[in-house]
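We're numbering straight along the sequence, starting at 1. Nothing here was measured: the structure is a model prediction, and the numbers come from that model.
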Amino acid sequence: MNQQDVKAILLNLQSKQYIESDITHTFGENNTAVFSVKYSKNDETFDVMLIETDSLEKFHDVDSAVHCITNLIRK
């Protein structure tokens with residue numbers, strides 16, 4: 001998955017048609033969830049959750065979230 005694919009997912013989560021919904025996109029490896037991302041309408045942030053450590057990072061802009069996610073995918 002490249003940066004454009006990740007950005008498309010994030011923009012879709014942020015789109016008006018889903019803004020009232022609570023949608024989470026989960027990324028996994030070998031059928032195991034590794035991290036997830038959702039858009040928080042109230043905070044206007046992209047929330048990236050590392051599932052194993054239960055740690056959360058919030059990003060206010062799409063490009064920062066894309067950078068974080070693509071780095072996680074490359075690990």
Side-chain angles (χ1 to χ4, degrees):
M1 181 174 286
N2 63 34
Q3 286 187 333
Q4 258 187 319
D5 296 334
V6 172
K7 190 169 188 172
I9 289 169
L10 297 182
L11 291 175
N12 195 31
L13 291 175
Q14 189 181 34
S15 73
K16 291 185 188 285
Q17 75 186 46
Y18 299 120
I19 203 71
E20 296 300 323
S21 302
D22 187 19
I23 299 173
T24 302
H25 189 94
T26 303
F27 295 81
E29 183 176 37
N30 299 325
N31 293 325
T32 303
V34 177
F35 66 95
S36 63
V37 62
K38 72 176 187 173
Y39 182 73
S40 171
K41 176 183 75 167
N42 295 335
D43 297 336
E44 295 183 349
T45 59
F46 293 96
D47 300 344
V48 178
M49 172 71 73
L50 297 175
I51 295 168
E52 187 174 295
T53 61
D54 209 28
S55 61
L56 175 68
E57 290 189 63
K58 293 181 174 266
F59 299 94
H60 291 282
D61 63 281
V62 174
D63 291 331
S64 295
V66 167
H67 181 72
C68 172
I69 292 169
T70 53
N71 283 339
L72 289 171
I73 289 171
R74 291 179 184 146
K75 286 185 176 181

*Asks:* Is there side-chain contact between Val6 and Gln3, with heavy atoms separated by less than 4.5 Å?
*Replies:*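 No, too far: nothing below the 4.5 Å cut-off.
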*Asks:* Rounded to the nearest 0.5 Å, what separation is found between the CD1 atom of Ile73 and the CG atom of Asn2?
*Replies:*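 Answer rounded to 0.5 Å: 9.0 Å.
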*Asks:* To the nearest 0.5 Å, what is the distance between OG1 on Thr45 and NZ on Lys38?
*Replies:*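 Interatomic distance, Thr45 OG1 to Lys38 NZ, rounded to 0.5 Å: 9.0 Å.
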*Asks:* How long is the span from the CG atom in Asp63 to the SG atom in Cys68, to the nearest 0.5 Å?
*Replies:*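 Going from the CG atom of Asp63 to the SG atom of Cys68 covers 13.0 Å.
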*Asks:* Under the side-chain contact (heavy atoms from CB on, under 4.5 Å) rule, collect the residues that match up with Ser15, sequence neighbours excluded.
*Replies:*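 Scan of Ser15 (side-chain contact (heavy atoms from CB on, under 4.5 Å), adjacent residues dropped) gives Asn12, Gln17, Tyr18.
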*Asks:* I need the full list of salt bridge (charged side-chain N to carboxylate O under 4.0 Å, His left out) pairs touching residues 44-55, with sequence neighbours left out, sorted by first then second residue.
*Replies:*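 Passing the test, one end in residues 44-55: Asp47-Lys58.
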*Asks:* Using side-chain contact (heavy atoms from CB on, under 4.5 Å) as the criterion, list what pairs up with Ala33, not counting sequence neighbours.
*Replies:*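 Only Thr26, Ile51 meet the side-chain contact (heavy atoms from CB on, under 4.5 Å) criterion with Ala33.
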*Asks:* Quick one: list whatever passes side-chain hydrogen bond (donor to acceptor under 3.5 Å, both in side chains) with Ser64, sequence neighbours left out.
*Replies:*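 Checked Ser64 against side-chain hydrogen bond (donor to acceptor under 3.5 Å, both in side chains); matches are Asp61.
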*Asks:* Apply the hydrophobic cluster definition, ILVMFWY joined by side-chain contacts under 4.5 Å directly or through others, and give me every member besides Met49.
*Replies:*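 Members other than Met49 - counting any ILVMFWY side chain reachable under 4.5 Å - are Leu56.
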*Asks:* Rounded to the nearest 0.5 Å, what separates atom CZ in Phe27 from atom CD1 in Ile69?
*Replies:*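 Answer rounded to 0.5 Å: 5.0 Å.
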*Asks:* Please list all pairs passing the ring pair (Phe, Tyr, Trp, His ring centres under 6.0 Å) test where one or both residues lie in residues 37-75, with sequence neighbours left out.
*Replies:*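 The answer is Tyr39-Phe46.
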*Asks:* Under the side-chain hydrogen bond (donor to acceptor under 3.5 Å, both in side chains) rule, collect the residues that match up with His25, sequence neighbours excluded.
*Replies:*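 Once residues adjacent in sequence are excluded, His25 has no partner under the side-chain hydrogen bond (donor to acceptor under 3.5 Å, both in side chains) criterion.
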*Asks:* For Asn30 and Thr32, indicate whether the former's side chain and the latter's backbone hold a donor-acceptor pair under 3.5 Å.
*Replies:*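 No; judged by distance alone, with no hydrogens or angles, the pair does not exist.
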*Asks:* Among all residues two or more places apart in sequence or in another chain, which pass the salt bridge (Lys or Arg N to Asp or Glu O under 4.0 Å) test with Asp5?
*Replies:*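 Partners of Asp5 under the salt bridge (Lys or Arg N to Asp or Glu O under 4.0 Å) test: none.
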*Asks:* Going by the rule side-chain contact (heavy atoms from CB on, under 4.5 Å), which residues pair with Leu11 if we only count those two or more places apart in sequence or in a different chain?
*Replies:*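 Result, side-chain contact (heavy atoms from CB on, under 4.5 Å) vs Leu11: Lys7, Gln14, Val62.
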*Asks:* Using 0.5 Å steps for rounding, measure from the CG atom of Leu13 to the OG atom of Ser21.
*Replies:*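 If I round to the nearest 0.5 Å, the distance is 10.5 Å.
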*Asks:* For Thr53, what residues pass the side-chain contact (heavy atoms from CB on, under 4.5 Å) criterion, not counting sequence neighbours?
*Replies:*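 Counting only residues at least two positions away or on another chain, Thr53 forms a side-chain contact (heavy atoms from CB on, under 4.5 Å) with Leu50, Ser55.
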*Asks:* Is there a side-chain contact between Leu10 and Val66, using heavy atoms and a 4.5 Å cut-off?
*Replies:*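 Sidechains of Val66 and Leu10: in contact.
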